Enquirer: 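Dumping the structure here so I can ask a few things about it.
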Amino acid sequence: MQQVTETQAGVQNVEILRPFGPCIIKATIPEQVQQDLIGLFERNYQAGDHSPNLAGNMLREFTIDDKTLDAEQAQRFVQMLADGSAELYKYSKIVQWENLKRTATQRHKEIVDGRINQMNLNCIVHQSWGNISVAGDFNPMHSHTGMISGVGYLRMPDNIEAEWEAEDHDPSAGLINFMNSNSANLMSHNLRIKPEVGVIYFFPAWLQHEVYPFRSGGERWSFSFNTTIENLNSDVELTNQDKIDMYEARTGQTVNAQN
């Protein structure tokens, strides 16, 4: 086979396909929710210890619930978790449909295109907890329960920026690392994210992730959670009724739904 030493624009109509891998949503924590949670972290001693339920090695891990937040604070917090979880669910379904649509029949496309943006989503928040980390604390590789999980950041350690800038080999101090599948050519299997105050991430609960330790003085304040989203309507998969309707339209024959 001849060896090519210089590539050219020899292919046309290039399209990038995204068939595999999870989606991650990055968002901003509303200012009032930030203030609510900062107040909770300042009085964290009033909250229950949540560390026996978690994989992390942290200075303090405590429960966030309606006993530690008043009714209005809890409503704002839960609304944020529900809204972000819904965005991840919707975007993931849209990506899934982009791939299924390539081989779908015209009628299938018409059905799903008509309802993909008409989701009626219900969110259940299973658990949420606060994390206070100091130098040397870390989270080993782990996953969560539920459907969707996430992490938000409220405070970073003193001098963490200088610590990041000083790392010239394999910068990782204090980063969260997501890992999916195995390392191989022509694919990315892990994603490191540098925490930012006021930012929250939503990701599939099954997605493996870990948190590296930092050396700087001071504390990092973060919170995590597990949720489940249910679409009360249909989305990209055809329902049994869809299949019956398609069959009847194509054949003119009525299907006995009891059979």
Side-chain angles (χ1 to χ4, degrees), residues 25-86 88 122-158 160 174-176 178 193 195-207 209-229:
I25 293 291
K26 176 183 178 181
T28 299
I29 305 171
E31 181 63 31
Q32 187 56 63
V33 177
Q34 287 191 58
Q35 296 306 313
D36 293 342
L37 293 174
I38 288 172
L40 171 59
F41 272 70
E42 290 174 342
R43 62 177 193 280
N44 72 85
Y45 57 88
Q46 298 176 351
D49 182 19
H50 198 60
S51 59
N53 304 300
L54 304 174
N57 292 270
M58 306 290 178
L59 175 68
R60 174 91 163 104
E61 295 171 311
F62 58 92
T63 302
I64 300 177
D65 55 22
D66 53 9
K67 297 178 182 179
T68 55
L69 296 172
D70 66 32
E72 291 186 3
Q73 293 172 335
Q75 177 59 36
R76 286 190 288 264
F77 181 62
V78 168
Q79 189 67 58
M80 175 185 68
L81 302 189
D83 291 347
S85 297
L88 177 59
N122 179 60
C123 180
I124 299 174
V125 178
H126 300 293
Q127 308 97 15
S128 56
W129 60 94
N131 309 292
I132 299 179
S133 306
V134 296
D137 288 352
F138 65 95
N139 248 324
M141 188 68 72
H142 66 287
S143 60
H144 288 203
T145 59
M147 176 188 291
I148 294 171
S149 296
V151 59
Y153 299 96
L154 303 170
R155 175 179 290 183
M156 297 304 296
D158 304 334
I160 189 65
L175 302 189
I176 183 170
F178 295 96
I193 290 178
E196 303 172 64
V197 172
V199 170
I200 184 171
Y201 294 91
F202 297 81
F203 51 88
W206 53 260
L207 183 60
H209 56 285
E210 61 188 339
V211 180
Y212 295 108
F214 56 86
R215 309 176 190 87
S216 302
E219 297 179 345
R220 179 181 61 212
W221 292 0
S222 65
F223 61 91
S224 301
F225 52 88
N226 298 324
T227 70
T228 292
I229 287 282

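Bear in mind that the values here come from a model prediction, so they are computed numbers and not experimental data.
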Enquirer: Nearest 0.5 Å, what's the CD1-SG distance between Ile148 and Cys123?
Expert: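 Spacing of CD1 (Ile148) from SG (Cys123) equals 7.0 Å.
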Enquirer: Taking the side chain as C-beta and beyond, is there a heavy-atom pair between Asn131 and Glu219 under 4.5 Å?
Expert: no
Enquirer: Count the heavy atoms belonging to other residues, nucleotides or ligands that lie under 6.0 Å from CD of Glu72, then report whether that count exceeds 12.
Expert: no
Enquirer: Give me the atom names and distance for the closest heavy-atom approach of Val211 to Gly174.
Expert: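 It is CG1-O, 4.5 Å.
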Enquirer: Suppose we call two aromatic rings close when their centres sit under 6.0 Å apart. Are Phe178 and Phe203 close by that rule?
Expert: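 Ring centroids of Phe178 and Phe203 are less than 6.0 Å from each other.
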Enquirer: At their closest point, which heavy atom of Leu59 faces which heavy atom of Asp137, and how far apart are they?
Expert: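 For Leu59 versus Asp137, the nearest heavy atoms are N-OD2, 2.9 Å.
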Enquirer: The criterion is side-chain contact (heavy atoms from CB on, under 4.5 Å); which residues satisfy it with Lys26, sequence neighbours excluded?
Expert: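 Once residues adjacent in sequence are excluded, the partners of Lys26 under the side-chain contact (heavy atoms from CB on, under 4.5 Å) criterion are Glu196, Val199, Tyr201.
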Enquirer: Taking side chain as C-beta onward, heavy atoms only, is Ile132 less than 4.5 Å from Phe62?
Expert: yes
Enquirer: What distance separates Leu40 CG from Thr68 OG1, expressed to the nearest 0.5 Å?
Expert: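 These two atoms lie 4.5 Å from each other.
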Enquirer: Asn139 and Gly56: which non-hydrogen atoms are nearest, and at how many Å?
Expert: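 Smallest heavy-atom distance, with atoms named: OD1-CA, 2.6 Å.
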Enquirer: Nearest heavy-atom pair of Ile29 and Gln34: which atoms, and what distance?
Expert: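 Looks like O-NE2, 3.1 Å.
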Enquirer: Just wondering, do Asp49 and Arg60 contact through their side chains at under 4.5 Å, heavy atoms?
Expert: yes
Enquirer: Are the side chains of Phe138 and Ser133 in contact, using a 4.5 Å heavy-atom criterion?
Expert: no
Enquirer: Can you label the angle between the His142 ring and the His209 ring as parallel, tilted or perpendicular, going by 30° and 60°?
Expert: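 Tilted, since the angle between the ring planes falls between 30° and 60°.
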Enquirer: Which value, rounded to the nearest 0.5 Å, describes the distance between Thr28 atom OG1 and Met80 atom CE?
Expert: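 These two atoms lie 11.0 Å from each other.
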Enquirer: For a quick test of reading the model, state the closest non-hydrogen atom pair linking Thr145 to Gln127 and the distance between them.
Expert: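 That closest heavy-atom pairing would be OG1-OE1, 3.8 Å.
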Enquirer: For the residue pair Asp65 and Thr63, confirm or rule out a side-chain donor-acceptor distance under 3.5 Å.
Expert: no
Enquirer: Got Glu210 and Pro140 here, is their nearest side-chain heavy-atom distance under 4.5 Å?
Expert: no
Enquirer: How close do Ala82 and Ile229 get, heavy atom to heavy atom, and via which atoms?
Expert: O-CD1, 4.3 Å
Enquirer: Rounded to the nearest 0.5 Å, how far does CZ of Phe202 lie from OG of Ser85?
Expert: 5.5 Å
Enquirer: First locate atom CZ of Arg220, then atom CE of Met156, and finally report the distance between them rounded to the nearest 0.5 Å.
Expert: 6.0 Å
Enquirer: Under 3.5 Å, is there a donor-acceptor pair between the Ser149 and Asn226 side chains?
Expert: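 The answer is yes; a qualifying pair exists.
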Enquirer: Using modelled atom types only, decide if a donor and an acceptor are shared between the side chain of Thr228 and the backbone of Gly146 within a distance under 3.5 Å.
Expert: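 No.
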Enquirer: Roughly how far, to the nearest 0.5 Å, is the CD atom of Gln75 from the CG atom of Leu69?
Expert: 11.5 Å
Enquirer: When Phe223 is tested against each of Trp129, Phe77, Tyr153 for ring pair (Phe, Tyr, Trp, His ring centres under 6.0 Å), which residue passes?
Expert: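 The residue from Trp129, Phe77, Tyr153 that satisfies ring pair (Phe, Tyr, Trp, His ring centres under 6.0 Å) with Phe223 turns out to be Phe77.
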Enquirer: With a 3.5 Å distance limit and no angle check, can you tell me whether Arg155 reaches the backbone of Ser222 through a side-chain donor-acceptor pair?
Expert: no
Enquirer: How about Val151 and Ile200: do any of their side-chain heavy atoms sit closer than 4.5 Å?
Expert: no
Enquirer: Tell me if a side-chain donor or acceptor on Gln35 pairs with a main-chain N or O of Gln32 at a distance below 3.5 Å.
Expert: no
Enquirer: Within the structure provided, determine whether Asp36 and Arg76 are in side-chain contact (heavy-atom separation under 4.5 Å).
Expert: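 Sidechains of Arg76 and Asp36: in contact.
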Enquirer: What residues form a ring-ring contact (aromatic ring centres under 6.0 Å, His included) with Trp221, not counting sequence neighbours?
Expert: Phe41
